[in-house]
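Per chain, numbering begins at 1; letters A, B, ... match sequence-line order.
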Amino acid sequence: MNETNDNPQSRSNFIVEIIEQDLKTGKWGGRVATRFPPEPNGYLHIGHAKAICLSFGLAQKYGGTCNLRFDDTNPTKEDAEYVESIKEDVSWLGFDWGDRMFFASDYFKTMHEYAVKLIEDGKAYVDSLSAEETAAYRGDYNRPGKNSPHRDRSVEENLDLFSRMKNGEFEDGEHLLRAKIDMTSPNMNMRDPAIYRIRHASHHRTGDEWCIYPMYDWAHGLEDSIEQITHSLCTLEFENHRPLYDWFLEQLDVYHPQQIEFARLNLSYTVMSKRKLLDLVSDDLVNGWDDPRMPTISGFRRRGYTAAAIRNFCDRIGVAKRDNTVDLALLEHTIREDLNETSPRVMAVLDPLKIVIENYPEGEQEEFEAPYFPGQEERGTRAIPFSREIFVERDDFREEAPRKWRRLAPGKEVRLRYACLITCNEVIKDENGEVTELRCTWDPESRGGTSPDGRKVRGTLHWVNASTAVMTEVRQYDRLFNVINPLAVEDGHSFVEHINHSSCEILTGCLAEPSLAGAKPESRFQFERIGYFCVDRYDSTDDKLVFNRTITLRDSWAKIEKKLGGK
RNA sequence: UGGGGCGUAGGCUAACGGUAGGCCCCGGGUUUUUGGUACCCGUAAUUGCAGGUUCGAAUCCUGCCGCCCCAGCCA
């Protein structure tokens, strides 16, 4: 199908079908108006990215609009800090809400007026049961609920009580405004749901103006209605709320959007609930919401993921109603795919092993020109210095070469990427038998990497010149959990036990080629033969570069080695 | 036990009564100055199960089974 690389909602799904049907019948007058309505009580994660790409993507696709709306109806859990982070994340992801940023709290007055209307119509009442009593009266799945003794209060009494609730005459929990629906409904949400509760709490936007706050079910449909939303997309757990959503809007006889539910995203090797993520943060198991191992949007950003890769991922996972767990490998594939196209190639040695090229004159130095994108020289090149002392990756040398080994070993010849051919003559060790240095010779005729006699050299190593290398710190990140589903734990155990304790390995003595000096925060590179790395947006300075490993390159040698070792 | 949803290869997802397609993963190969990329090939689904309707069923019907959600004055 139309598999354009970065096309929001390019593929068909049941929501697209509904919208196209509506467009055909003119149900909404040809309009498509969606919204992304987070509660500002935490940071956005990759699951939210799915919702964002869906709602904003659909609006884009059909020339409609998508509002950014903060569902800030519970002041005790919310904070302005979260509002800011959400705005930053949505816009970083590449979506523009224009002048359509709204807050549920903008509508508090209107919502209150509607509540008064509902009371006047005899469809809502003030209850004065305690929370415990309310729960008991509600019944359970098998037993119908019982009407509250306060259910038949007169409209006048309800109006009076409600206005006194609003005026702050009561303590939290003393009274509750409820819709008068049906205490015997098999749908618990219809058993006289709460509409307004008393909360003497200061709101991050309205301050102390209110001491009663609307409940989600009351607020959400009204917000959608006020904003003239056409398709109100939310996750599956709200399916049971739809009858209530519809009931309120019908009773009020106001503009009535269609709520449509889709399955939330689950990702293997990670947890997605805000609650669990908050646990990780507050228990210091990670370094904040934007720790590069977190599945938050800000975490992925800091890790080096691109917005385009995340959007592409969201497009590829599709939208349906069945519960799903998407393979982390798919996300890793989309980021590799993007970075492969966009990241300049450079060389850095993470675990340096010194090489002295014995037949290279001391005190001399020359340069090789290397392309940032091999095969696409027009995208730029830089000079790489070369001299008698260089460093290669310690792991690229074996004193005893295993089968199929193409890299360095005593007596073996390899190519230094973009430079020349060298042969290992001697291995120098310290008193512990640890290899400290390799003595090699180079073939001056092989400048550029090929020899005139055309002999084949299979191995190519990345390397860096000793005297000009830039010392850097590299943080190697890996998946945060060891198991596909960290939540699958036995009673008495916690998902925390599945944390991968080597998910963050900090290397301090890494050496990078000099062109990397002064690399800007958030710039991304491929360290050839290793992986993709991103300059940390907070900790990296001109004096001390800090790189985060976004993702490794595919490593087919690791597979071969594993196979060899396994036999 | 009541209500609401959902079951298509290892993971996502398409097919809208016409005989199961795509992506990821996995395996093999070609090219290669990244054991990367690209390209080629391949494995793998009696569409949860059992019946029925039909010339024809993943699609319609019936009955089972399994999984998810719901008893906040959270969203």
With a 3.5 Å limit on both atom pairs, tell me what [N] is paired to, counting Watson-Crick and G-U wobble, or say none.
N: C39(B); value: G29(B)
N: U1(B); value: none
N: G7(B); value: C65(B)
N: U46(B); value: none
N: U59(B); value: none

Pairwise [atom1] distance for [N] and [M], with rounding to whole Å:
N: C73(B); M: C68(B); atom1: P; value: 25 Å
N: U46(B); M: G36(B); atom1: C1'; value: 41 Å
N: A58(B); M: G17(B); atom1: P; value: 13 Å
N: C23(B); M: G66(B); atom1: P; value: 36 Å
N: C24(B); M: G42(B); atom1: P; value: 16 Å
N: A50(B); M: A44(B); atom1: C1'; value: 26 Å
N: G10(B); M: G5(B); atom1: P; value: 29 Å
N: C69(B); M: U53(B); atom1: C1'; value: 33 Å

Taking [atom1] from [X] and [atom2] from [N], how many angstroms apart are they, rounded to a whole number?
X: Asn142(A); N: U1(B); atom1: CG; atom2: C1'; value: 4 Å
X: Gln376(A); N: G36(B); atom1: CD; atom2: C1'; value: 14 Å
X: His333(A); N: C24(B); atom1: NE2; atom2: P; value: 5 Å
X: Leu236(A); N: C70(B); atom1: CG; atom2: P; value: 11 Å
X: Glu332(A); N: C26(B); atom1: CD; atom2: P; value: 10 Å
X: Lys563(A); N: C26(B); atom1: NZ; atom2: P; value: 12 Å

Taking any heavy-atom pair under 4.0 Å as a contact, classify [X]: base, sugar-phosphate, or nothing.
X: Asp323(A); result: sugar-phosphate
X: Leu129(A); result: base
X: Ile317(A); result: sugar-phosphate
X: Ser130(A); result: base
X: Thr73(A); result: sugar-phosphate
X: Lys559(A); result: sugar-phosphate
X: Trp405(A); result: base
X: Arg406(A); result: base
X: Tyr196(A); result: nothing
X: Ala131(A); result: base
X: Arg191(A); result: nothing
X: Ile198(A); result: nothing
X: Thr450(A); result: base
X: His241(A); result: base

Is the base of C74(B) stacked against the aromatic ring of Tyr216(A), taking ring centres under 5.5 Å apart and planes under 30° as the test?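 Stacking is absent between C74(B) and Tyr216(A), given that the ring centres and planes do not meet under 5.5 Å and under 30°.
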
On RNA chain B, nearest-nucleotide positions of Ala329(A) versus Arg415(A): which is more 5'?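 Residue closer to the 5' terminus by nearest nucleotide: Ala329(A).
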
Pick the closest RNA chain B nucleotide for Leu176(A) and for Pro186(A) by heavy atoms, then say which residue is nearer the 5' end.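 Closest to the 5' end, via its nearest nucleotide, is Pro186(A).
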
Nearest to the side chain of [X], which nucleotide is it out of [options]?
X: Asp140(A); options: A71(B), G10(B), C73(B); result: A71(B)
X: Arg529(A); options: C73(B), U34(B), U37(B); result: U34(B)
X: Ala320(A); options: C74(B), A71(B), A14(B); result: A14(B)
X: Arg322(A); options: U37(B), U13(B), G10(B); result: U13(B)
X: Phe238(A); options: A75(B), G7(B), C12(B); result: A75(B)
X: Glu39(A); options: U34(B), A75(B), A71(B); result: A75(B)
X: Ser12(A); options: C70(B), G5(B), A15(B); result: A15(B)
X: Arg316(A); options: C24(B), A71(B), C6(B); result: C24(B)
X: Leu330(A); options: U13(B), C24(B), C74(B); result: C24(B)

Looking at side-chain heavy atoms only, is the closest gap between [X] and [Y] below 4.5 Å?
X: Leu278(A); Y: Trp289(A); value: yes
X: Arg264(A); Y: Glu237(A); value: yes
X: Pro149(A); Y: Leu129(A); value: yes
X: Phe36(A); Y: Leu44(A); value: yes

Suppose we call a contact any N or O donor and acceptor under 3.5 Å apart; does that hold for the side chain of [X] and the base of [N]?
X: Gln526(A); N: U34(B); result: yes
X: Asn240(A); N: C69(B); result: yes
X: Arg407(A); N: G35(B); result: yes

Qualifying residue for salt bridge (charged side-chain N to carboxylate O under 4.0 Å, His left out) with Glu561(A), from Arg403(A), Lys404(A), Arg398(A):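 Exactly one option meets the salt bridge (charged side-chain N to carboxylate O under 4.0 Å, His left out) with Glu561(A), and it is Arg398(A).
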
Indicate syn or anti for G21(B), taking the glycosidic torsion and treating anything within 90° of 0 as syn.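 Base orientation relative to the sugar is anti.
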
Find out whether the Lys NZ or Arg CZ of Arg382(A) is both under 6.0 angstrom from the six-membered ring centre of Tyr372(A) and within 45° of the ring's axis.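 Output yes; distance and angle both within limits.
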
Between Phe313(A), Phe300(A), Tyr532(A), which is the residue that forms a ring pair (Phe, Tyr, Trp, His ring centres under 6.0 Å) with Tyr305(A)?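 Testing each of Phe313(A), Phe300(A), Tyr532(A) against Tyr305(A), the sole residue satisfying ring pair (Phe, Tyr, Trp, His ring centres under 6.0 Å) is Phe300(A).
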
Closer than 4.0 Å, any side-chain N/O of Arg138(A) to the OP1 or OP2 of C73(B)?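 Checking Arg138(A) against C73(B): at least one side-chain N or O falls below 4.0 Å of OP1 or OP2.
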
Check whether any side-chain N or O of Arg199(A) sits under 4.0 Å from OP1 or OP2 of C74(B), and answer yes or no.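 Result: yes.
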
Nearest 0.5 Å, what's the CZ-CE distance between Phe525(A) and Met347(A)?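 Answer for the CZ-CE pair, Phe525(A) versus Met347(A), is 14.0 Å.
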
Would you say the ring centers of Phe386(A) and Phe368(A) fall short of 6.0 Å from each other?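 Centroid separation for Phe386(A) and Phe368(A): below 6.0 Å.
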
With no hydrogens and no angle check, is any side-chain donor or acceptor of Glu78(A) less than 3.5 Å from a backbone partner on Asn74(A)?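 Checking the backbone N and O of Asn74(A) against the side chain of Glu78(A), a donor-acceptor pair under 3.5 Å is found.
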
